[in-house]
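Data first, discussion second: the structure below is written as structure tokens.
Within every chain, numbering begins at 1; the chains are lettered A, B, ... in the order of the sequence lines, protein sequences first and strands thereafter. Just so it is clear, the model here is predicted, and its values are computed rather than measured.
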4 protein chains.
Amino acid sequence: MTESKRQRQKAQTKEHLIETAYAVFSSRGIMAARMADIAAAAGVSHGTVFLHFNTQEALIEEVVAHYGALIALETHALAERCGSMEELLRAHLGAISAYEPFYTRLVLENRMLPTAARDSWIDIQSAVSLHFNRVAERESSRIEKRGIPDAMLFNMWMGLVHYYLANGGLFAPEGNVIRRHGTTLVGSFLKLLNG
Amino acid sequence: MTESKRQRQKAQTKEHLIETAYAVFSSRGIMAARMADIAAAAGVSHGTVFLHFNTQEALIEEVVAHYGALIALETHALAERCGSMEELLRAHLGAISAYEPFYTRLVLENRMLPTAARDSWIDIQSAVSLHFNRVAERESSRIEKRGIPDAMLFNMWMGLVHYYLANGGLFAPEGNVIRRHGTTLVGSFLKLLNG
Amino acid sequence: MTESKRQRQKAQTKEHLIETAYAVFSSRGIMAARMADIAAAAGVSHGTVFLHFNTQEALIEEVVAHYGALIALETHALAERCGSMEELLRAHLGAISAYEPFYTRLVLENRMLPTAARDSWIDIQSAVSLHFNRVAERESSRIEKRGIPDAMLFNMWMGLVHYYLANGGLFAPEGNVIRRHGTTLVGSFLKLLNG
Amino acid sequence: MTESKRQRQKAQTKEHLIETAYAVFSSRGIMAARMADIAAAAGVSHGTVFLHFNTQEALIEEVVAHYGALIALETHALAERCGSMEELLRAHLGAISAYEPFYTRLVLENRMLPTAARDSWIDIQSAVSLHFNRVAERESSRIEKRGIPDAMLFNMWMGLVHYYLANGGLFAPEGNVIRRHGTTLVGSFLKLLNG
DNA sequence: GATGAATGAGGCTTCATTCAT
DNA sequence: CATGAATGAAGCCTCATTCAT
């Protein structure tokens, strides 16, 4: 019993650290954040971080895995019942929206992350891809794709979204790219897609 | 004569350092490259780098300025006489192609670079933007843009290209994204653009 | 308890570093001492010094502030109840005596120290000046000053003491100028002062 | 003949370097001056300094020897025919006056200089001491020294002068201590000396 | 389980000195 | 004789990681 209380306590601290690391990663950058920053932001001691995560790499991997899974889940949840491409694109942006600063960091830093974290990133992409292909196929008759493969349409959409996110300082200096430009992005992409 | 020989020597060393730094930046990342890496790669002593560049920041700025100018110039040169959008897109990729690994680093790291280097990056973007808008306007009658502003088309194109570059490990593990996918990118984008 | 033990530990280490730095400064010079010297002399790692003092400048400031305050306090304590000039001069030398090597470094290097450290130096001088003027005024009737202002007498005394300290290698090769010449200094200065 | 022209040229360059180093030492400090500073101030290449002086130490030694000799000579010249203590003290300050900034550096830095340079410093002191003792002896009957040995009087005088020089920032922020306070110093010292 | 002081490898920068031209 | 590019030892500082409490 006492044991389980301790374990619960420990689990709570770890969760708190993951949430704090997520916030610090979002604002300062994943690779640029120092372990001491995260400890301070979490209000725990420097050493406590290492009690829960053996290395900085492990911390990054867990945080990216955790929020990567959340984003992928949210994507699935929102995209599942989308019948039209418009719905899907909105769902995609909706899933990202709540995580925008962190997601943007992933867009920019995914290449430099530990392998496991890169895999989490790929999982997110796969989640979107899955539904995109499903809807694209279903709508193939209604969409004038002029022989462009679905994969390329997907890349165009992702490229457009990531371009806006990566250049957030330009498109939305206040820091909320999707809220500000989401509708425009969906609209323009659909106009291009349809005749 | 003697004087100019030594000056040439120094200029050569500096140029060699810029070229070496360019290569190291391309492969290891701009911010991740250490001064010692560059010195070793150039076959000079650690201190020599500081003889030619007062600080690491200055080195980054000069290298980005140098190759940024090259890329912008090449873009202008190739894009200048492009009458059609297809020619322009090919020209754009052609200009980037020779600098692909470095350009890709700029895509990913430009936000973290010193101000002067960020300006160089913006200059490159402006060069492309200039010609894109020129050609888009000229072709406006022939292109079915369905009410999409030129700026959005530009963003879509840049987003697509940068997406492929940033995910080069996926699209071209051997490291040459543009050579491998350039034609497809241009073709798909144009198909989408035209009826 | 456990907490306070560790805090005591840390405070002890910091105090130890200040004491060690004081010793190193005394023997090698304040500006000439390297951080690594102090770490080695204190038997701690290089990084530990930076745990307790953010910069070399901060270390110098703290050490000078600490021992400067000690010297000023001792000066006040010893000089407070001095009624005669002779008592005061002895008190002054007595206050300096225990800190002679360090004080001598301050005499020679104070101009080159960080601003905060220079202020500490000025505080020491002010402490002496204060009591000197008090006693000089009180004894003005008994002293034949022949129209020499108190400030000039003070400068003469300080000049004499600092001259002996600065030329310690000449006056006391074993390193203890005040113990060896203090009485003579006081005696001679008083003889000059009085008829 | 060509040889001797070259030699003359070399000797001139060396002299120029000594003069320049003297100026740089005076303004920036002897130990704080960098070889490159001196080369730049002299308008010669960095390497040229090493052509004339094997090491930084040698440069310091030669400069201090050169100007130390000048100061000692000037002291002798001015002090030689001084019959009274007042004349002598004025002569002493007169000899130092033209070299005040450099002399002040010697006051503060002599302990840290190479051995040979310290010897030059001692030579200057000896020159003053010699004449001081001579005049003091001659005037011994007229001066009320109250049993204070000549050496102690000498130290008092030197201490007073050096104290003013070392605290020049306080006594003469414009940088000319002797011109501003010389007369006062001589006057006060004499008043104290005589009944 | 939590703490935070201590560690030390690694990075940037300076500057006296050398040497090929 | 003069030059100045190149060298590399040495110094300051950062930060992930460890471990005694």
Side-chain angles (χ1 to χ4, degrees), chain A residues 3 5-14 33-40 44-57 59, chain B residues 1-14 32-37 39 43-57 59, chain C residues 1-3 5-14 33-37 39 43-57 59, chain D residues 2-3 5-14 33-39 44-57 59:
Chain A
E3 252 336 286
K5 207 184 240 171
R6 268 199 161 185
Q7 286 176 355
R8 225 180 311 135
Q9 172 65 22
K10 186 171 182 181
Q12 273 181 17
T13 300
K14 183 165 186 175
R34 291 164 299 169
M35 297 299 267
D37 290 340
I38 294 161
V44 303
S45 81
H46 193 172
T48 296
V49 182
F50 286 88
L51 182 66
H52 295 277
F53 309 93
N54 285 329
T55 65
Q56 188 178 36
E57 197 172 302
L59 170 62
Chain B
M1 281 302 115
T2 305
E3 216 21 64
S4 69
K5 202 183 213 171
R6 305 236 354 225
Q7 286 177 353
R8 227 180 307 140
Q9 268 291 353
K10 182 173 187 182
Q12 271 180 20
T13 300
K14 182 163 187 176
R34 293 159 295 162
M35 297 300 267
D37 291 340
V44 302
S45 84
H46 197 160
T48 296
V49 182
F50 287 91
L51 175 68
H52 294 277
F53 308 94
N54 286 330
T55 64
Q56 187 179 37
E57 195 171 306
L59 170 61
Chain C
M1 283 301 113
T2 306
E3 217 19 66
K5 201 185 215 171
R6 304 230 5 220
Q7 286 178 352
R8 226 181 305 138
Q9 268 290 353
K10 182 172 186 181
Q12 270 180 20
T13 300
K14 182 163 187 175
R34 293 158 297 162
M35 297 300 265
D37 291 341
V44 301
S45 83
H46 197 162
T48 296
V49 182
F50 287 92
L51 175 67
H52 294 277
F53 308 94
N54 286 330
T55 63
Q56 188 179 36
E57 195 172 306
L59 171 62
Chain D
T2 306
E3 253 336 287
K5 208 184 240 173
R6 268 200 160 183
Q7 287 176 354
R8 226 181 308 137
Q9 172 66 21
K10 182 171 184 181
Q12 273 181 18
T13 300
K14 182 164 187 175
R34 291 165 300 169
M35 297 299 266
D37 291 340
I38 293 161
V44 301
S45 81
H46 193 173
T48 296
V49 182
F50 286 88
L51 182 67
H52 294 278
F53 309 93
N54 285 329
T55 64
Q56 187 177 37
E57 198 172 300
L59 169 62

A/Leu51 or B/Glu57, whichever maps to the more 5' nucleotide of DNA chain E: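 Taking each residue's closest nucleotide, the earlier one in sequence belongs to A/Leu51.
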
Secondary-structure stems, DNA chain F, at least 3 Watson-Crick or G-U base pairs under 3.5 Å: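 Stem list for DNA chain F: E:2-21 with F:2-21.
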
OP1 or OP2 of F/dC1 under 4.0 Å from side-chain N/O of D/Thr13: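 No, outside the criterion.
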
Phosphate OP1/OP2 of E/dA16: any D/Thr55 side-chain N/O under 4.0 Å: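 No, outside the criterion.
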
With sequence neighbours excluded, residues passing side chain to side chain contact (heavy atoms under 4.5 Å, CB included) with D/His46: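 By the side chain to side chain contact (heavy atoms under 4.5 Å, CB included) rule, D/His46 matches D/Met35, D/Ala36, D/Phe50.
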
Return the value, rounded to whole Å, for the distance between atom [atom1] of [X] and atom [atom2] of [N].
| X | N | atom1 | atom2 | result |
| --- | --- | --- | --- | --- |
| D/Gln12 | F/dC1 | CD | P | 14 Å |
| C/Lys14 | E/dG4 | NZ | C1' | 15 Å |
| C/Lys10 | E/dA6 | NZ | C1' | 11 Å |
| C/Phe53 | E/dA5 | CZ | P | 13 Å |

Heavy-atom side-chain contact between D/Arg34 and D/Gln56 under 4.5 Å: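 Contact flag for D/Arg34/D/Gln56 side chains = no.
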
Protein-nucleotides 18-20 of chain E N/O pairs closer than 3.5 Å?
none

Proximity to the side chain of [X] - top-ranked nucleotide from [options]:
| X | options | result |
| --- | --- | --- |
| B/Val44 | F/dA2, F/dT7, F/dA6 | F/dT7 |
| B/Arg34 | E/dA2, F/dT7, E/dG11 | E/dG11 |
| C/Gln56 | E/dT17, F/dC12, E/dA2 | F/dC12 |
| D/Ser45 | F/dT3, E/dT17, E/dA5 | F/dT3 |
| D/Met35 | F/dT7, E/dA16, E/dA5 | E/dA16 |

Where A/Ala39 and A/Ser45 come nearest, the two heavy atoms and their spacing: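 Nearest heavy atoms, A/Ala39 then A/Ser45: CB-O, 3.7 Å.
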
Upstream residue (5' side of DNA chain F) when D/Thr48 and A/Ala33 are each assigned their closest nucleotide: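 Residue closer to the 5' terminus by nearest nucleotide: D/Thr48.
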
Interatomic distance, B/Leu59 atom CG to B/Lys14 atom NZ [nearest 0.5 angstrom]: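 B/Leu59 CG to B/Lys14 NZ: 9.5 Å, rounded to 0.5 Å.
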
